[in-house]
Structure formats: structure tokens, C-alpha cells
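The sequence lines fix the lettering, A, B, ..., with proteins before strands; numbering per chain opens at 1.
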Amino acid sequence: MGKRTEIVDVLKTPQIGATITVKGWVRAFRSNRFVALNDGSTFNTVQVVIDPDKIDEATIKRIGFHACIAATGELVESKGAGQAVELMADTVEILGDTDGSAYPLQAKKQTMEFLREKAHFRMRTNTFSAVFRIRHGVAFAINKYFNDKGYYYMHTPIITGSDAEGAGEMFRITTFEPNNAPTTEDGSIDYSQDFFGKATNITVSGQLQAEIGALSLGKVYTFGPTFRAEKSNTSRHLAEFWMIEPEIAFADIYDDMDLAEDFSKYIINYILENYPDDLAFLDKRIQDVEKNMKKELRRPMSLIDTLKFVIDNDFARITYTEAIDILKRSKPYKKGKFEFPVDWGIDLQAEHERWLVEKHFKKPVIVRDYPKDIKAFYMRMNDDEKTVAAMDVLFPGIGEVIGGSQREERLEKLRKRMQEMNVHEDELQWYLDLRRFGGAPHAGFGLGFERIILFITGMANIRDVIPFPRTPGNAEF
RNA sequence: GCUUCUUUAGCUCAGUUGGUUAGAGCGCCGGACUGUUAAUCCGUAGGUCCUAGGUUCGAGCCCUAGAAGAAGCGCCA
């Protein structure tokens, strides 16, 4: 291949007077003369100037929307107003033609729903290329944050023999033919003859295994795909999503909350510092969309201002009990505006969380010490014997982004909770062993990767921040 | 799983009480254009009105069933 200069470098450190080659996809071809070329290395495009005396007419005709071309020529200061430099093309090579009459995308605004159906082309658009560059940035920042703080990246299994992870419906994994599975005497499927010799699922969480890591390596985190077979039809749920789960020994619920807040702010700050062009475009895009909306439906702050506000202010921290008190004293409660009841012992509904975050505190809120009956078996019992050391971090517009807890390290209390909640001990002997032999107080949380990307990009639907979303009834691409 | 909404040209939509040949903007295609910034201007083509059944002299419009998509809820991250 001939040498090419990436457009990010052309724009960042322009070599005026040098002859260079750029390769990329045509974003616009104006006046039969100006090509806006993008190669994905940056949000921005470089302008390639086509001189009809140098480039033959047949080639010029093939420069269509999203065609792939290579252009070689001198980089000069631009005579036009919209850009600093431009490439005066001596030669243009068509690398990939595009038949405009058949290509589904257009050089204009298109709906997210339509582009979702064309997921193999949507990354070429301004919006999705910005989102997916930021997605990469968030993934990198996560690894950098934990690495710099001495955490070990731990790979927990995707295939699990346990169905007691306590986080929802699982997808069964098997090599049996659907209508030809061996059965036992009582007619049920005999998984002892299956590939793994037992019933297996794909994971809903790496937390329990991460606890093994924490009680050996001290500080670990997992970052990988997780799967939930719940038929959740919302803009915040996926059947396949990525989750970050740090787990730390010698930590309590307060250390856990400190980590969650510091970590969230670090990620957001990293994107603000490293992806300003992409963020600026997404910010402007939201403002364009909201122009036609009623004032009360618009965001209270612009996207970038929201991100800055979050890193500059402390998260609100309250207990579940305090949250109930605040809600009971709230206007919507007194006026009967809440659809669901507010009472100690009942889980907070989305409408309650949104009111607390968006109307009352107007910033991220960490709620802790939830009633034991609405939380998982592994969460540490508080001294009141009524609440557990659990915490949820709630973000404006999205709700729960992080859910975590201090884990129950006391063997007898853990076994009691497992019995009360019908979790079978025999499958989790290894988990109980962690308390029997060299146990320690420890805590951790799970953060939904796509949810933090939703917050940072300001996108409305979680299906638009993962390249190929898996949702009930949809596994295209 | 529940509630509500949507489905008409490639895209975004309009389509009056049920009435002849279903419209617009954008895009595409063809043409013009040597400084454009979603370029602009001129012209052409483009339709299984989501599917199946029904009511009616007559259905894009009414009825029944189904499909797909979206928003909200529940579950959660």
C-alpha cells in the first residue's frame, strides 16, 4: 500500500507545502470541486480540492457520498473560510465505489431508528463515529484508571455453571439439539451428558468470581460482556452489555462509594480532555434536537456543562431511610403525583429516583443502606439487622448507573441470608470457603458500561451506544 | 410481560365526513456550476398506502387478527 497520512495528523500538524496522500470516505462533494474527506481518525474532515484540469471527468463522477477514495497532492493553506488547510489533488483513486441509487444513507439528518437498521453503515455518520470514538475512550480510561491505582484486570468466565449469581434471568448454553436432548428417568433433560457435564449458562455478573480475586490480589476489576435474558423493552436495557466490576479487599461501603464517585469523575474528565471535537458535535446535535421541544422537556444544562458540573461537585449521599423521608415531604408526593407508593421497605421506583436526582439534588446521588429484603443475599448486614450495606449511584436522565455493596464476610450471617433467600449452599461452597479460610471485609460495585456512555454522549437510547445491540427479538449483524 | 403511540416514495412526513389518476420536502438519477461548508439552480423517474381477512357501490382512511418500530412501566447495570 502507498503511504497515507491520517487526517488527524494532517489537521493537527499540517505540513504546508508537502505532497501527501489521504484515504477515506466522502462525507460531502460540493460544487463539483470540494470533497470533505473523513478517515475515522478524527471527528473532522480534510477538504480535498478537485481541479477538473487534473482529474478526469469519469473519476470525478465516481466521487459520491460515502465512496472511498485516495487523494494525493500538495497541502496548502485554504483559500476558503471553513478550514485552515486543504489538499490540492493531483491524483484521485477510487478505492470503493458507491452506487448512490442503492446506498441507503444520505447526506442529511436521518432518524436513529433508521440508522439502527443500517448498523453496518451508521458508524460512517458524524453522530455514530463520535459515539464510538468516545466508547473506545471510556474503555481505555477505565483500564488506565484501575491500572494506575494498582488494580489487576481479572477475566472472569463467560460460561458459568452457577445459576445463583442473583442478577436475573440467564441464557442457557448447551450443545444438545433442541428436540433430541437425552433425558433422565423422570423425563427432565439430562445435563450430565451435556458438554460440560452439567447445566450451564452465560454469565450475568463476574462479581462472585471477582471476590476470589479481591481476596487474593487485593484489588481487582472485571470488564467484559454480560448477558441478561430479561425481556426488558426500554431505552436503558440490553440483553448483551458490558460491565465493569471492581472488587476490593479491606474496604467498606464508604470506601466503595468513594471509589464509585472518584472513578465516575475520572472517566468523564478523561473524555472531556481527550474527545472535545466529538463531544462538541454531540452537544450541538442535542441542542438542535431540543430546539423544537417544550422547555420543560429540554435538558437543564448543555451536555458539556452537565459533564463539567458532575466532575466539579460532590455527589449527594443519603441513606435509603433519608430518601424515603425526603420523598414523603416532597410536593409530588403530597399532591399524589407519584404513581407508586413511597414507604419504608418498598424499593424506590424510577419516578422516585428521577425526582431525587433531577428535581431535588440536581446532581448524581448515592443512596445507601437499603432494606435487606429488596437486595441480594451477599450484601453485608448492618447493625440494625434491617438494612444492608448496599449503594446505588443514580445519574440524571438515566437512573441507576452503578450498583454496589460491602459483601457479607461473616460466614454464619451469610449462610443465614442464603437460607432466608432460598440460595442453595451446595452450588456456592467455594463462595462460602472464601469466608471460612482467610476471609476479609471487602466491597465492590457493578457499573453498566453502556449506561455511562449514554450519560457522557447524551444519546437517548442505549441501542445507539453499542455497535450491534442485542435486545429481545433482535440479534442482527 | 403491561400501557400508549406509530407504520403511506430511498428518507422525513401530509393526506379533509369513506369518493376519480395518492402529494410535499429532502435524497437518487440527468444537466449547469472554478471557492463550496448539509453548496446552489433546472429537470426526470420513483408507491404491494406493514400483512391477512372483513364491512361497503367504493377503503390509505372504518372493523378484526397479526407483524415491526418507538416511548413509558416492571426487572436491573
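The residue from A:Tyr153, A:Tyr152, A:Tyr145 that alone fulfils the ring pair (Phe, Tyr, Trp, His ring centres under 6.0 Å) condition with A:Tyr221 is A:Tyr153. The ring pair (Phe, Tyr, Trp, His ring centres under 6.0 Å) test with A:His66 is passed by exactly one of A:Tyr103, A:Trp25, A:Phe29, A:Phe121: A:Tyr103.
B:rG72 atom C1' lies 10 Å from atom CZ of A:Arg354, rounded to whole Å. Straight-line distance from the CZ atom of A:Phe65 to the P atom of B:rC26: 17 Å, rounded to whole Å. Taking atom NZ of A:Lys118 as the reference point, atom P of B:rG69 lies 13 Å away to the nearest angstrom. The CG-P distance, from A:Leu454 to B:rC76, rounds to 19 Å in whole Å. Across the protein-nucleic acid pair, A:Gln47 atom CD and B:rU34 atom P stand 16 Å apart, rounded to whole Å. The nearest whole Å value for the distance from the NE2 atom in A:His66 to the P atom in B:rC28 is 12 Å. Per the geometry, CG belonging to A:Asp51 stands 12 Å off C1' belonging to B:rG35, to the nearest Å. If you measure from atom CD of A:Glu230 to atom P of B:rG1, you get 13 Å, rounded to the nearest angstrom.
Counting any heavy atom pair closer than 4.0 Å across all strands shown, A:Ile244 reaches no nucleic acid atom. Nucleic acid contact for A:Ala102: none, since no nucleic acid atom lies under 4.0 Å from a heavy atom of the residue. Residue A:Gln207 is out of contact with every strand shown, counting any heavy-atom pair closer than 4.0 Å. Here A:Ser101 lies in heavy-atom contact (under 4.0 Å) with sugar-phosphate atoms only. Within 4.0 Å of A:Asp53, counting heavy atoms only, lies at least one base atom of the nucleic acid. Across all strands shown, A:Gly100 has heavy atoms under 4.0 Å from sugar-phosphate atoms exclusively, and none from any base.
For the OP1/OP2 pair of B:rA68 and a distance below 4.0 Å, the side-chain nitrogens and oxygens of A:Asn474 include no atom meeting the criterion. Between A:Lys61 and B:rG31, a side-chain N or O to OP1/OP2 separation shorter than 4.0 Å is present. For B:rU12, the OP1/OP2 oxygens have a side-chain nitrogen or oxygen of A:Thr111 closer than 4.0 Å.
In this pair, A:Phe477 and A:His120 present their aromatic rings tilted. The plane angle is within the 30 to 60° band.
By the ring-ring contact (aromatic ring centres under 6.0 Å, His included) test, A:Phe449 is found to be paired with A:Phe223, residues two or more places apart in sequence or in another chain being considered. Every residue two or more places apart in sequence or in another chain that forms a ring-ring contact (aromatic ring centres under 6.0 Å, His included) with A:Phe43 is listed here: A:Phe281.
Evaluation of the salt bridge (charged side-chain N to carboxylate O under 4.0 Å, His left out) test over residues 114-125 of chain A, restricted to residues two or more places apart or in two chains, returns A:Arg116-A:Asp464, A:Arg122-A:Asp464. Residue pairs meeting the side-chain hydrogen bond (donor to acceptor under 3.5 Å, both in side chains) criterion with at least one member in residues 393-405 of chain A, sequence neighbours excluded, are A:Ser405-A:Arg407.
In a base pair of the Watson-Crick type (N1 to N3 plus N6-O4 or O6-N4) or a G-U wobble (N1-O2 and O6-N3), with each distance short of 3.5 Å, B:rC73 is matched with B:rG1.
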Taking distance alone, no hydrogens or angles, what donor-acceptor pairs closer than 3.5 Å link side-chain atoms of residues 134-141 of chain A to residues at least two apart or in another chain?
from	atom 1	to	atom 2	distance (Å)
A:Arg135	NH1	A:Glu450	OE2	3.1
A:Arg135	NH1	A:Val465	O	2.8
A:Arg135	NH2	A:Glu450	OE2	3.0

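Within 3.5 Å, no donor on the side chain of A:Glu113 pairs with an acceptor on the base of B:rU6, nor the reverse. For a distance-only test at 3.5 Å, the side chain of A:Lys108 qualifies as a donor-acceptor partner of the base of B:rC11.
Near RNA chain B, meaning a heavy atom under 4.0 Å from it, residues 24-39 of chain A has A:Ala28, A:Arg30, A:Ser31, A:Asn32, A:Arg33, A:Phe34 in order of number.
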